[in-house]
Amino acid sequence: MESIGEVISQKPSFKKVRENYAKLVESIMSNQEIKDFISENKMTESEIILSHSKFFEYLKAKEAYLLNPSSTVTGLEPKLIMAQGFATVTYIQTQEDIDRMNRKKKNFMFERDSIVLDKTILRASFENYTAETVEEKRALKFAQRAAAFYKRGEQGNTVFVGRAGAGKSHLAMSIIKSYNAEKDGIGLFITSSQIPALVQDGFNNKHSKYSRYYFIDLFSNVDLLVLDDLGSEKASEFTVKLLKELLETRTRTIITTNYSSKELEAIYEEFDPHGQLVSRIFRGIGEKVLNVDGIKDKRLRAF
């Protein structure tokens with residue numbers, strides 16, 4: 001009498017499975033990378049048979065990794081190794097993997113910690129800045145030099161001054177994006193008027209994360225920061241004191257404002273008679289100040 005296994009093995013469905021398995025093994029063993037691995041490790045026939053499933057796992061993982069590394073379970077590059085008499089798959093972190101994960105982390109931190117009132121500015125970059133006039137070309141070169149300055153690790157603020165709509169925020173965002181794309185540190189973009197508003201809202205909202213201490217910690221630790229549209233916030237004793245505290249923690253800040261230093265002094269004078277806040281704004285700027293009043297309102301053009 002035939003055994004149960006012998007009976008099952010004679011069924012057409014089981015034979016089909018065996019045929020498909022044989023084709024799969026043949027396909028795996030014809031792969032040049034698998035052939036090279038077997039040769040390099042002088043694998044025996046039994047070791048090869050034990051490794052069939054791992055060869056298959058490796059080839060599928062490698063295919064997925066090459067197509068889109070971030071879509072794989074690990075996000076890491078698969079590698080075949082010998083362990084305990086047969087092949088197995090391990091996953092290694094290449095420099096490309098590290099760079100990709102760092103970019104992903106920085107993008108997450110930028111989106112989480114930046115506070116951008118005008119969301120259209122998130123699309124801004126050096127590549128889509130329209131530089132047609134002499135003044136616009138000068139502004140673009142100034143911003144690109146500022147980006148290079150901060151990438152070298154230099155200290156000191158940069159200030160964009162002038163009329164609304166001249167592209168100050170666009171260029172400031174472009175500097176941050178350029179910095180984040182190349183440096184290990186993180187650059188953030190914060191609309192100035194939102195800081196006191198969020199801190200004051202936090203007084204009555206126990207679920208808000210935005211407190212004076214939150215912003216002091218953020219300003220103290222972020223590598224590069226854009227403080228956008230300074231002077232647009234309502235001047236008050238609370239606002240001036242908070243901004244002075246925050247800017248005191250920084251030596252690398254890009255500031256955009258519609259107002260000159262004298263106009264800012266006038267705005268804050270009632271609550272800052274000695275001009276300490278304005279002094280912090282223009283700390284270490286040297287020649288890193290650009291007046292954009294000669295540029296026409298770019299908001300009237302396509303972004």
Side-chain angles (χ1 to χ4, degrees), residues 70 96 98-192 194 219 222-230 232 250-258 281-282 284-303:
S70 60
E96 186 178 345
I98 294 170
D99 293 342
R100 185 181 67 256
M101 286 188 286
N102 283 340
R103 287 194 299 271
K104 189 173 181 180
K105 179 182 177 181
K106 284 204 289 186
N107 288 338
F108 170 76
M109 291 176 67
F110 176 82
E111 292 174 5
R112 182 192 65 187
D113 296 335
S114 289
I115 303 170
V116 185
L117 190 60
D118 177 8
K119 301 301 181 185
T120 63
I121 207 66
L122 291 169
R123 302 197 301 271
S125 68
F126 284 137
E127 289 71 28
N128 61 24
Y129 178 81
T130 304
E132 297 173 344
T133 69
V134 172
E135 286 297 315
E136 289 169 343
K137 291 176 181 177
R138 183 171 71 92
L140 177 58
K141 286 184 179 179
F142 174 88
Q144 289 172 332
R145 287 198 302 270
F149 174 87
Y150 290 116
K151 290 174 189 176
R152 293 196 302 269
E154 304 284 356
Q155 303 291 314
N157 292 350
T158 296
V159 181
F160 290 86
V161 180
R163 58 181 293 171
K168 301 185 301 295
S169 300
H170 188 130
L171 290 170
M173 178 65 83
S174 300
I175 294 171
I176 288 295
K177 285 188 176 179
S178 177
Y179 182 86
N180 283 345
E182 295 185 24
K183 299 301 293 180
D184 292 334
I186 180 71
L188 301 178
F189 189 105
I190 296 180
T191 303
S192 174
Q194 295 302 290
F219 273 55
V222 68
D223 300 284
L224 187 61
L225 174 71
V226 167
L227 195 56
D228 188 49
D229 207 12
L230 191 68
S232 63
R250 300 208 49 77
T251 58
R252 286 158 54 89
T253 306
I254 301 162
I255 294 166
T256 75
T257 179
N258 296 342
I281 293 169
F282 288 88
I285 62 166
E287 297 181 355
K288 299 189 306 302
V289 59
L290 178 71
N291 190 308
V292 297
D293 279 337
I295 298 177
K296 294 180 179 180
D297 194 331
K298 298 177 78 68
R299 293 173 298 186
L300 303 180
R301 311 178 194 178
F303 194 78

Donor-acceptor check, side chain of [X] to backbone of [Y], threshold 3.5 angstrom: yes or no?
X: Lys288; Y: Ile285; value: yes
X: Tyr150; Y: Gly156; value: yes
X: Thr191; Y: Ile115; value: yes
X: Arg152; Y: Glu154; value: no
X: Asp228; Y: Ser169; value: no
X: Asn128; Y: Ser125; value: yes
X: Glu182; Y: Tyr179; value: no

Find out whether the Lys NZ or Arg CZ of Lys177 is both under 6.0 angstrom from the six-membered ring centre of Phe126 and within 45° of the ring's axis.
no

Can you check whether [X] reaches [Y] side chain to side chain, under 4.5 Å on heavy atoms?
X: Val226; Y: Ile190; answer: no
X: Ile121; Y: His170; answer: yes
X: Thr256; Y: Leu230; answer: no
X: Phe219; Y: Thr253; answer: no
X: Asp113; Y: Val222; answer: no
X: Ile255; Y: Asn157; answer: yes
X: Glu127; Y: Ser174; answer: no
X: Phe189; Y: Leu227; answer: no

Using ring pair (Phe, Tyr, Trp, His ring centres under 6.0 Å) as the criterion, list what pairs up with Phe160, not counting sequence neighbours.
Phe142

Identify the heavy atoms of [X] and [Y] that sit nearest to each other, and give their distance.
X: Gln194; Y: Leu117; answer: NE2-CD1, 3.7 Å
X: Ala146; Y: Ile175; answer: CB-CD1, 3.9 Å
X: Arg138; Y: Leu290; answer: NH1-CD1, 3.4 Å
X: Asn180; Y: Gly185; answer: OD1-O, 4.0 Å
X: Ile176; Y: Gly187; answer: CG2-O, 3.6 Å
X: Asn258; Y: Lys168; answer: OD1-NZ, 3.0 Å

Derivation of the side chain to side chain contact (heavy atoms under 4.5 Å, CB included) call for Val134 and Lys137:
CA-CA 5 Å; Val134 172; Lys137 291 176 181 177; 5.9 Å; no

Kindly compute the distance separating [atom1] ([X]) from [atom2] ([Y]), expressed to the nearest 0.5 Å.
X: Tyr129; Y: Leu171; atom1: OH; atom2: CG; result: 4.5 Å
X: Glu136; Y: Thr130; atom1: CD; atom2: OG1; result: 7.0 Å
X: Leu188; Y: Lys106; atom1: CG; atom2: NZ; result: 11.0 Å

By side-chain contact (heavy atoms from CB on, under 4.5 Å) - contacts of Ser232 (at least two apart):
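With sequence neighbours excluded, Ser232 shows a side-chain contact (heavy atoms from CB on, under 4.5 Å) to Ser193, Asp229, given in chain and number order.
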
Pair Met173, Leu122 - check side chain to side chain contact (heavy atoms under 4.5 Å, CB included), show working.
CA-CA 7 Å; Met173 178 65 83; Leu122 291 169; 3.9 Å; yes

